[in-house]
Amino acid sequence: MSLVSDTEVLEDASASAPPRQISVAQLVWWALILFLCLTPFVLVIAISFGQKIEGAAWEWAFTFANYERVFVGANWPEQFTVLYLQRLYYSLFYAVIAAVLAILTAFPFTYLMTRLSRRAQSIWLVFILSSLSLSEVFIVMGWDVLLSNRSGLPMVLKETGVTDWLKAVGWFDTLREWGLANPRNVKFKTSVFATVLTMAYLVWPYAVILLYPPLSRLDRSMVEAAQTMGAGPWTVMRTVVLPTMRLPLLGATLLLFVFLLGVYVAVTVFAEPAKQTMAVSVYEAIRGNTLNAPFGAAQAVVLLITASIFLAMGQWLSKRTAA
Amino acid sequence: MPGLRLAGIAKSFGSVHAVEATNLDFAEGELTALLGPSGCGKTTLLRMIAGLEAPTRGAILLGEADITAQPAHERKFGMVFQNFALFPHLSVRENVVYSLMISGIAKSDAMATGARLLDLVQLKGFDDRRIGELSGGQRQRVAIARALAQEPEVFLLDEPMSALDAKLREDMQVELRMLQQRLGITTVVVTHDQREAMTMADRIVVMSQGKVEQVGSPQQIYHQPENAFVADFIGRANFFDGVAEAAGVRIGSVLLDAAAGAGFRPGTPVSLACRPEVACLIDCTSPGTSLPAKVTFVRDVGPARDIHLETEIGRIIVEYARGETDQPFAVGQETTVTLPASGLHVFPRAERAAA
């Protein structure tokens with residue numbers, strides 16, 4: 001069909017039914033959007049059913065072997081291993097703790113921020129927004145230096161005598177039990193503590209930005225009403241502010257949690273080798289020495305489904321809370 | 001319940017003086033209205049009484065006790081906010097018993113008090129409703145019941161009727177006043193509506209630009225305004241600018257017989273106010289000054305008629321209530337208006353606030 005005839009067809013269509021032309025344009029637009037959004041997902045899902053060719057790349061296929069390997073191990077039924085489920089567990093474990101930690105610390109900060117003058121609030125917001133421009137790699141590098149055993153905080157603790165004091169009072173042994181000390185000094189690398197701390201730091205500005213709008217809209221007269229009825233600051237927080245903010249808090253935690261499921265750099269730097277996450281495992285399968293894209297894709301799909309389940313649960317919970 | 005006393009209380013926000021040094025006594029069991037235009041400092045004064053705003057100077061005394069430094073949660077004065085500030089996450093009953101629950105009172109006792117208060121504000125059976133399911137009037141009743149639950153020594157209301165429609169507002173004014181009289185609780189109401197203040201208050205404090213202009217009963221405030229601002233803000237008045245003389249007040253070539261003008265030194269520039277219902281067109285018995293006048297407009301609003309007149313000293317509005325006279329007045333009609341000497345209020349000439 002020539003260009004001229006295409007135009008004619010379109011003109012004819014517009015003359016007989018003008019709304020139809022709009023819907024065609026809309027259809028094309030939506031198709032484009034869906035194509036751009038869904039193609040990567042569809043590809044990943046399709047690849048997850050492919051199979052690895054030993055000594056080479058992979059080929060298209062339709063096998064559940066990759067999913068089987070994720071849930072029960074490659075040698076099932078002879079041998080049952082939970083290595084990749086364990087990695088999924090650590091993905092969830094780090095993400096939950098870091099999201100909750102970020103929200104717990106960002107909430108009081110944001111609450112106090114909304115009580116400042118408009119000018120002070122603007123300055124804080126600009127500062128926090130600008131911190132978002134720092135990449136994960138840059139932030140992790142900073143924390144890597146700060147927590148490194150030779151030149152970071154452990155060195156400072158040793159040089160200032162805090163390590164000796166911890167040994168003297170017996171708290172050093174407790175730190176060792178928690179994996180936060182070696183026989184000589186306090187150590188943060190590698191540890192769950194450092195991993196979670198860095199992850200919480202990564203999303204902390206997002207937490208503030210997510211909590212700022214609902215907190216700044218909080219009706220101050222409700223707080224004052226509670227005060228005139230005998231509620232001190234903690235009672236006001238417990239009985240008025242937190243219950244009023246429960247939906248934004250739930251939403252913000254969930255969003256940070258899903259975001260944190262995919263954190264890669266912080267985990268590779270700070271987590272112990274045995275406590276790596278599924279995001280790291282996905283990368284290793286696709287770009288690492290195993291070069292097993294189908295298996296990496298299967299893990300990515302499992303991670304995606306896990307995130308979807310949590311989002312659905314959050315949606316259900318927020319509806320129930322709102323009701 | 002002890003009375004409340006403000007001794008030289010003042011509040012500044014930076015260089016802005018929201019409330020200038022104010023001395024006020026709120027007698028036990030009395031309802032006082034803080035009345036004034038927007039930005040006159042009445043809400044700031046109320047917030048200082050509640051403990052929500054710290055005074056820059058002065059002291060707040062409850063009986064003999066100085067409570068100036070006491071925070072709001074220790075004063076526990078019941079307060080109804082302009083937007084009612086009800087807690088949307090709690091039911092009606094939970095809102096009402098909030099103060100009792102956080103004070104650790106037994107739940108059964110709190111619930112009994114809640115039921116009694118909801119009965120008092122005529123909301124029996126609304127216990128489990130959500131706040132979002134209530135009308136404006138019902139919300140106000142919940143806010144009142146909630147503020148009364150802790151049996152406060154002082155009851156504060158910040159523009160409590162402003163969120164209600166006109167009809168409901170009038171009903172609630174009467175209802176609230178009756179409730180306050182029944183409970184005998186010291187009450188302070190902030191309002192910019194003079195009708196609301198006149199309906200509810202034992203005493204009115206008229207404020208303007210952070211200062212108290214006059215304190216008195218509604219009748220005193222209306223019939224004996226102490227300055228031009230009060231005469232202008234409360235009710236309506238015909239205003240004229242003149243000069244005091246030994247025999248009265250001169251406006252142009254007319255010398256008005258004004259008893260209140262005697263207190264001024266001759267030659268002093270003065271403002272003269274006359275209520276529309278005091279000026280007289282027919283059967284005038286009170287001594288005063290009569291002026292030839294021409295009817296320029298007649299406004300009949302049902303319960304009253306306003307007759308607009310053009311006179312030698314300027315425009316005058318005369319108000320006749322329905323039934324006072326049946327005499328018709330037509331535009332263009334020539335007549336005589338009498339301004340009774342006892343009904344003319346004379347003040348030093350000053351700026352008048354727009355009411």
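In what follows, every chain begins at residue 1, and chains take the letters A, B, ... in the order their sequences are listed.
- Atom CZ of A/Phe127 has 12 or fewer neighbouring heavy atoms from other residues, nucleotides or ligands inside a 6.0 Å radius.
- For the options A/Val240, A/Thr244, A/Val236, A/Val223, heavy-atom pairs under 4.5 Å to chain B are most numerous at A/Val240.
- Between A/Pro233 and B/His73, the closest heavy-atom pair is CD-CE1, 4.3 Å.
- With contacts defined as side-chain heavy-atom distances shorter than 4.5 Å, the pair A/Gln227/B/Leu52 qualifies.
- The contact list for residues 77-102 of chain B toward chain A, using heavy atoms and a distance under 4.5 Å, reads B/Phe77, B/Met79, B/Phe81, B/Asn83, B/Ala85, B/Leu86, B/Phe87, B/Pro88, B/His89, B/Tyr98, B/Ser99, B/Ile102 by residue number.
- Contacts with chain B (heavy atom to heavy atom, under 4.5 Å) involve no residue of residues 252-260 of chain A.
- For the pair A/Met229/B/Arg146, a side-chain contact is recorded, criterion being any heavy-atom separation below 4.5 Å from C-beta on.
- Of the two parts of B/Glu74, neither the backbone nor the side chain holds a non-hydrogen atom closer than 4.5 Å to a non-hydrogen atom of chain A.
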With a 3.5 Å cut-off and sequence neighbours excluded, list the donor-acceptor pairs that the side chains of residues 116-123 of chain A form with protein atoms.
unit_1	atom_1	unit_2	atom_2	d
A/Ser117	OG	A/Ala120	N	3.2
A/Gln121	OE1	A/Tyr212	OH	2.4
A/Gln121	NE2	A/Thr114	O	3.1
A/Gln121	NE2	A/Leu116	O	2.9
A/Ser122	OG	A/Arg118	O	2.9

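- A salt bridge (charged side-chain N to carboxylate O under 4.0 Å, His left out) check over residues 204-228 of chain A, counting only residues at least two apart or in different chains, returns the pairs A/Glu224-B/Arg47.
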